[in-house]
Protein chains: 2
Amino acid sequence: MVDDMRAMWFCQSMSEDLDTIFAALADPTRRAILAMLLEDDMAVTDVAEPFEMSLAAISKHLTILTRAGLISQEKRGRVKWCKLEPDAMRAASVWMQGFGQFEPVNLDAFERFLETELPGGKS
Amino acid sequence: MVDDMRAMWFCQSMSEDLDTIFAALADPTRRAILAMLLEDDMAVTDVAEPFEMSLAAISKHLTILTRAGLISQEKRGRVKWCKLEPDAMRAASVWMQGFGQFEPVNLDAFERFLETELPGGKS
DNA sequence: AGCATATTCAACCAAATGGTTGACGATATG
DNA sequence: CATATCGTCAACCATTTGGTTGAATATGCT
């Protein structure tokens with residue numbers, strides 16, 4: 001019963017939201033934008049500044065992040081301010097946590113994962 | 001939190017992995033497969049059975065999940081067994097937790113791990 | 001050997017993604 | 001008013017994605 005309920009929850013609940021949230025997080029530019037917004041709210045132009053990419057492209061990325069609920073945008077004057085909305089990530093995080101709960105936090109395994117990333121490890 | 005330099009290294013170094021992990025999680029079919037594998041290891045054909053989609057399509061999905069490190073595949077006889085590998089997801093989860101203190105997770109343990117194992121704290 | 005089962009490969013296709021450029025509406029400022 | 005700035009829109013393009021089908025490979029069974 002518990003298993004059935006959990007399976008149902010995993011399969012159906014928030015599936016569309018998870019689609020858009022994970023898809024939004026899958027792009028390194030968008031993740032970088034989120035990290036920038038962690039420091040402070042920013043105008044669209046300022047978000048775009050460090051990237052070697054057109055303003056229009058950044059604007060599209062911001063739209064995707066907004067639709068995923070990961071940020072919000074508020075226009076004040078001619079400036080549109082972007083604000084991080086960390087709650088949207090909660091749904092995805094909770095979903096992912098479901099895959100670790102049956103096991104206590106396996107730091108050793110995570111360490112093994114990191115070993116492959118250390119300079120001189122993999123690649 | 002941890003030292004900024006190390007945090008930056010961590011984000012940079014894992015960027016490609018996060019690309020593939022989040023992209024893999026962005027598809028509902030693949031998330032459903034992961035949920036199925038939460039119950040038990042499964043053969044490719046059995047994974048494919050509940051889906052209204054060709055076996056080849058499921059095989060591709062499983063390849064994507066494998067490359068993201070979210071599952072592993074072991075061939076025994078003519079049957080290829082698929083096994084959930086939650087560690088990759090944990091890495092993504094750790095990344096997400098930088099954006100909010102919403103999950104009760106292991107950040108302390110992770111921080112201790114970073115302090116002792118990463119360049120600067122390492123030999 | 002001969003046949004059935006398990007899985008992948010290869011070629012193809014439609015749709016989505018991530019980028020560009022140029023024009024445009026809206027807002028601030030001299 | 002005139003002009004500069006902020007941001008989006010529209011059209012376009014190349015690449016990736018998610019699916020199909022049919023053939024191919026590998027293993028197991030009698």
Side-chain angles (χ1 to χ4, degrees), chain A residues 11 15-37 40-85 92, chain B residues 15-37 40-84 92:
Chain A
C11 289
S15 189
E16 280 179 43
D17 297 306
L18 290 175
D19 281 7
T20 58
I21 292 172
F22 282 129
L25 294 177
D27 184 278
T29 301
R30 289 193 290 264
R31 286 199 307 275
I33 291 173
L34 291 175
M36 291 165 61
L37 293 177
D40 213 343
D41 298 359
M42 296 179 78
V44 173
T45 303
D46 295 331
V47 169
E49 195 271 332
F51 296 97
E52 292 173 346
M53 176 184 315
S54 70
L55 182 62
I58 297 294
S59 179
K60 282 188 185 180
H61 281 304
L62 290 170
T63 300
I64 290 170
L65 287 170
T66 300
R67 278 210 257 269
L70 291 162
I71 69 170
S72 60
Q73 292 182 287
E74 181 201 358
K75 192 170 177 183
R76 279 206 306 271
R78 64 177 167 180
V79 174
K80 206 164 181 180
W81 293 92
C82 305
K83 179 172 178 295
L84 193 64
E85 294 288 347
Chain B
S15 188
E16 279 180 45
D17 299 285
L18 291 175
D19 281 8
T20 58
I21 292 170
F22 282 130
L25 293 176
D27 184 278
T29 300
R30 289 193 290 265
R31 286 199 308 276
I33 290 173
L34 291 175
M36 290 165 61
L37 292 176
D40 212 342
D41 299 359
M42 296 180 80
V44 173
T45 304
D46 294 331
V47 169
E49 195 271 332
F51 296 96
E52 293 173 346
M53 170 183 320
S54 71
L55 183 61
I58 296 294
S59 180
K60 283 188 186 180
H61 281 305
L62 290 170
T63 300
I64 290 170
L65 288 170
T66 300
R67 278 210 258 268
L70 292 162
I71 68 169
S72 59
Q73 292 182 288
E74 181 201 357
K75 191 171 177 183
R76 279 206 307 272
R78 65 179 166 178
V79 174
K80 207 163 180 181
W81 292 91
C82 305
K83 180 175 178 294
L84 192 64

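By convention in this document, chain letters (A, B, ...) are assigned in the order of the sequence lines, proteins followed by strands, and residues within each chain are numbered from 1. All figures in this text were calculated on a predicted structure; none of them were measured in a lab. Just so you know, these numbers use all the heavy atoms, side chains as well, and skip hydrogens, waters and symmetry mates.
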Euclidean distance, [Y] [atom2] relative to [X] [atom1], rounded to 0.5 Å:
X: B/Leu37; Y: B/Trp81; atom1: CG; atom2: CH2; answer: 11.0 Å
X: B/Ile58; Y: B/Glu49; atom1: CD1; atom2: CD; answer: 10.5 Å
X: B/Ile64; Y: B/Ile71; atom1: CD1; atom2: CD1; answer: 10.5 Å
X: A/Thr29; Y: A/Leu62; atom1: OG1; atom2: CG; answer: 11.0 Å

Show the nearest heavy-atom pair for residues [X] and [Y], with the distance to one decimal.
X: A/Leu55; Y: A/Val44; value: CD1-CG1, 3.9 Å
X: B/Ser15; Y: A/Pro28; value: OG-CB, 3.8 Å
X: B/Met36; Y: B/Asp46; value: CE-O, 4.1 Å
X: B/Ile21; Y: B/Ala68; value: CG1-O, 3.5 Å
X: A/Asp19; Y: B/Ala26; value: OD1-O, 3.4 Å

[X] has an atom [atom1]; how far is it from atom [atom2] of [N], in whole Å?
X: B/Leu65; N: D/dG18; atom1: CG; atom2: C1'; result: 13 Å
X: B/Arg31; N: D/dG18; atom1: CZ; atom2: C1'; result: 15 Å
X: A/Met42; N: D/dG7; atom1: CE; atom2: C1'; result: 15 Å

Are any of the side-chain heavy atoms of B/Leu25 and A/Leu18 separated by less than 4.5 Å? no

Name all residues meeting the side chain to side chain contact (heavy atoms under 4.5 Å, CB included) criterion together with B/Ala57; count only those two or more places apart in sequence or in a different chain, and write none if there are none. B/Met53, B/Ser54

The single option from A/Leu84, A/Leu34, A/Thr20 passing side chain to side chain contact (heavy atoms under 4.5 Å, CB included) against A/Leu65: A/Leu34

Considering only heavy atoms, which members of residues 53-63 of chain B lie under 4.0 Å from some atom of DNA chain C? B/Leu55, B/Ala56, B/Ser59, B/Lys60

Scan for side chain to side chain donor-acceptor pair (under 3.5 Å) pairs involving residues 61-76 of chain B, sequence neighbours excluded, and state none if there are none. B/Arg30-B/His61, B/Thr66-B/Gln73, B/Ser72-B/Glu85, B/Glu74-B/Arg76

Span of DNA chain C in contact with chain B (heavy atoms, under 4.0 Å): C/dA4 to C/dA11

In short, the helix from C/dA1-D/dT30 to C/dG30-D/dC1 is bent end to end, axes from five pairs each side, to 10°, by 20°

Can you work out whether A/Ile64 or B/Gln73 has the more 5'-proximal nearest nucleotide on DNA chain C? B/Gln73

Could you write nucleotides 24-30 of chain D as a row of B, S and -, 5' to 3', where a protein heavy atom under 4.0 Å of any base atom gives B, of only sugar-phosphate atoms gives S, and otherwise -? --SBS--

